[in-house]
K.L.:
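Got a structure for you, questions after.
When a residue number appears, it is its place in the shown sequence, counting from 1. Since the structure is predicted, the reported quantities are computational estimates derived from the model, not experimental observations.
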Amino acid sequence: MQKGILIIIFSVLAARIFPQTGGDHVYEFLNLTHSGLISSLGGSNVSLAGSSLNLAYHNPALLSHEMDKSLSLNYVNYFAGINYGLAMYSRSVPGTGNFAAGINYLNYGSFTEADPSGNITGKFNASEYAVSLIYSREIDSLFTLGINIKPVLSSLEKYTSFGFAVDAGLSWHAKNRQTSAGIVIRNAGYQVTRYAGEPRETLPFEIMAGITHELAYAPFRFSLTYRHLQQYKMTYENGDNQEESSGKNAFAENLLRHLIPGVELIPHKNFYLSAGYNFKRRQELTVPVRSSTAGLTWGFGIRTTWLDVELGRARYHIAGASTNVSLILRPALIYRKER
């Protein structure tokens with residue numbers, strides 16, 4: 001019965017597949033990376049099994065009983081005065097499943113308002129919000145199914161829009177816990193109310209899959225994430241209506257734009273170093289006349305009994321990089337320690 005429900009959910013959510021990958025949808029902020037760990041691994045990961053509650057935002061099937069009574073707090077000081085964040089809390093109920101709820105926001109900052117003649121008339125703000133309601137349940141000892149329902153509110157000056165998105169994921173882990181994999185359908189949904197005078201827009205739908213493997217006798221863990229399974233072509237035409245590359249080079253470049261590799265060095269269970277590479281980001285944001293580290297990501301994490309600290313640094317462009325800071329708290333253990 002549970003496997004039948006899984007097939008139905010994935011079939012319904014995959015019914016609408018959109019070819020674009022960015023900039024052509026409403027609620028694009030749903031694709032932002034909040035976690036310091038995920039940011040350091042290239043910005044996307046749906047297969048990494050662990051105790052960090054932030055993992056469940058990228059694949060709801062990764063929500064597990066190990067995250068019970070965890071509180072995650074994330075903040076990113078983005079570019080040009082933009083900032084965004086995520087707060088989430090989880091509970092596990094034996095025999096029922098795992099639950100988590102949270103809210104993420106994107107604040108575009110304050111803008112100067114002017115009339116058509118250029119006369120300053122005041123200021124206005126723009127922001128977007130989404131609630132996450134996550135549920136996961138083990139199908140058997142190896143597979144877990146998860147779903148994330150996300151009501152969305154967007155407020156841009158005096159224009160507002162409401163909609164909802166749904167993520168559905170499946171995760172698998174080997175019996176020895178060294179290998180794990182996941183697949184997720186993200187942001188399948190509908191724009192219920194439109195901005196005034198604007199046509200109804202689609203959401204940034206995407207299908208992702210990935211695999212993670214930890215070496216048995218060395219302190220390394222490797223991840224490989226494949227983005228946009230619903231779309232083969234990831235290259236585009238330049239200003240002269242010419243393809244960016246052709247022949248074998250075009251095939252290789254197109255494939256690499258789908259892939260995001262990441263690696264973690266874990267010399268101790270309470271500390272890790274991580275790095276990743278986002279080829280698509282580099283190709284789209286690098287400046288040809290100047291070498292840069294665009295597309296490269298790195299970070300580190302410190303884990304204690306009641307607090308985890310994650311930091312991720314992602315280079316987008318020669319103009320700057322973003323820093324993701326995450327705190328994973330376990331309040332129940334803090335109170336127990338005080339007693």
Side-chain angles (χ1 to χ4, degrees), residues 29-78 83-93 97-107 128-136 144 146-152 165 167 169 171 180 182 184 186 212 223 262 264 269-272 274 276 297 299-314 322-337:
F29 78 104
L30 295 174
N31 282 331
L32 291 173
T33 301
H34 301 83
S35 165
L37 172 58
I38 300 299
S39 175
S40 70
L41 293 175
S44 295
N45 191 296
V46 298
S47 58
L48 181 59
S51 59
S52 174
L53 180 56
N54 287 325
L55 301 174
Y57 183 81
H58 295 268
N59 183 353
L62 295 177
L63 181 64
S64 68
H65 65 274
E66 296 179 7
M67 306 171 188
D68 183 35
K69 299 178 182 178
S70 292
L71 172 66
S72 69
L73 301 173
N74 304 268
Y75 177 77
V76 182
N77 186 11
Y78 215 38
N83 61 83
Y84 65 89
L86 167 69
M88 192 160 49
Y89 183 75
S90 66
R91 285 298 305 268
S92 295
V93 180
N98 308 297
F99 300 85
I103 183 170
N104 64 296
Y105 75 92
L106 173 63
N107 179 18
E128 297 184 286
Y129 304 87
V131 174
S132 290
L133 303 172
I134 306 176
Y135 171 74
S136 72
T144 301
I147 187 169
N148 184 4
I149 300 174
K150 301 183 289 188
V152 182
D167 302 343
S171 68
S180 58
V184 61
R186 300 195 71 214
T212 298
S223 293
E264 298 166 84
K269 65 178 182 179
N270 293 336
F271 178 75
Y272 71 83
S274 51
T297 60
F300 65 89
I302 301 172
R303 296 169 176 148
T304 68
T305 303
W306 58 272
L307 172 66
D308 296 351
V309 179
E310 301 173 356
L311 185 141
R313 181 80 171 169
S322 69
T323 301
N324 296 55
V325 179
S326 303
L327 301 178
I328 313 295
L329 298 98
R330 288 168 280 276
L333 296 181
I334 298 176
Y335 298 145
R336 184 182 305 174
K337 185 176 180 179

K.L.:
At their closest point, which heavy atom of I38 faces which heavy atom of N45, and how far apart are they?
P.N.:
CD1-CB, 3.6 Å
K.L.:
Hey, what do you get for OG (S171) to CG (L62), rounding to the nearest 0.5 Å?
P.N.:
5.0 Å
K.L.:
Using the side-chain contact (heavy atoms from CB on, under 4.5 Å) rule, take S90 and L63 through it: C-alpha gap first, then chi angles, then the decisive distance, then the call.
P.N.:
CA-CA 9 Å; S90 66; L63 181 64; 4.1 Å; yes
K.L.:
Give, for atom OG of S70 and atom CD1 of I328, the distance between the pair rounded to the nearest 0.5 Å.
P.N.:
7.0 Å
K.L.:
Classify the side-chain pair N74/Y84 by whether it contains a donor and acceptor separated by less than 3.5 Å.
P.N.:
no
K.L.:
Please determine whether side-chain contact (heavy atoms from CB on, under 4.5 Å) holds for the pair N98 and T144, giving the CA-CA distance in whole Å, both sets of side-chain angles, and the decisive distance to 0.1 Å.
P.N.:
CA-CA 11 Å; N98 308 297; T144 301; 5.6 Å; no
K.L.:
Which residues pass the ring pair (Phe, Tyr, Trp, His ring centres under 6.0 Å) test with H58, sequence neighbours left out?
P.N.:
none
K.L.:
Taking atom CG of N83 and atom CG of N107, what is their separation to the nearest 0.5 Å?
P.N.:
5.0 Å
K.L.:
Rounded to the nearest 0.5 Å, what separation is found between the CZ atom of R313 and the OG1 atom of T323?
P.N.:
3.5 Å
K.L.:
Considering non-hydrogen atoms only, spot the tightest contact between S274 and F300 and give its length.
P.N.:
OG-N, 4.2 Å
K.L.:
Are L37 and D308 side-chain neighbours, meaning at least one heavy-atom pair lies under 4.5 Å?
P.N.:
no
K.L.:
Which atom names give the shortest non-hydrogen contact between S52 and E310, and what distance separates them?
P.N.:
OG-OE2, 2.9 Å
K.L.:
Looking only at heavy atoms, which two atoms of L55 and A49 are closest? And how far apart?
P.N.:
CD1-C, 4.2 Å
K.L.:
Mind checking the OG-CG spacing from S44 to N59? Nearest 0.5 Å is all I need.
P.N.:
12.0 Å
K.L.:
Just to verify, what does F99 make a ring pair (Phe, Tyr, Trp, His ring centres under 6.0 Å) with, not counting sequence neighbours?
P.N.:
Y135
K.L.:
Evaluate the side-chain proximity of L32 to N104: yes if any heavy-atom separation is below 4.5 Å, no if none is.
P.N.:
no
K.L.:
Look at the side chain of D167 and the backbone N and O of N148, then say whether any donor-acceptor pair between them is shorter than 3.5 Å.
P.N.:
no
K.L.:
Would you compute the distance between atom OG1 of T304 and atom CZ of R330 and round it to the nearest 0.5 angstrom?
P.N.:
6.5 Å
K.L.:
Any non-hydrogen side-chain atom of H34 less than 4.5 Å from a side-chain atom of Y75?
P.N.:
no
K.L.:
Can you name the closest pair of heavy atoms from A100 and M88 and give their distance?
P.N.:
CB-CG, 4.3 Å
K.L.:
side-chain contact (heavy atoms from CB on, under 4.5 Å) between K150 and L133: does it pass, once the steps are laid out?
P.N.:
CA-CA 6 Å; K150 301 183 289 188; L133 303 172; over 6 Å; no
K.L.:
Mind checking salt bridge (Lys or Arg N to Asp or Glu O under 4.0 Å) for E264 and listing every partner two or more places apart, or none if nothing turns up?
P.N.:
R221
K.L.:
Considering non-hydrogen atoms only, spot the tightest contact between S40 and G299 and give its length.
P.N.:
CB-N, 3.6 Å
K.L.:
In the structure I gave you, are the side-chain heavy atoms of V152 and L30 within less than 4.5 Å of one another anywhere?
P.N.:
yes
K.L.:
Determine yes or no for a side-chain-to-main-chain donor-acceptor pair under 3.5 angstrom, with S39 supplying the side chain and N324 the backbone.
P.N.:
no
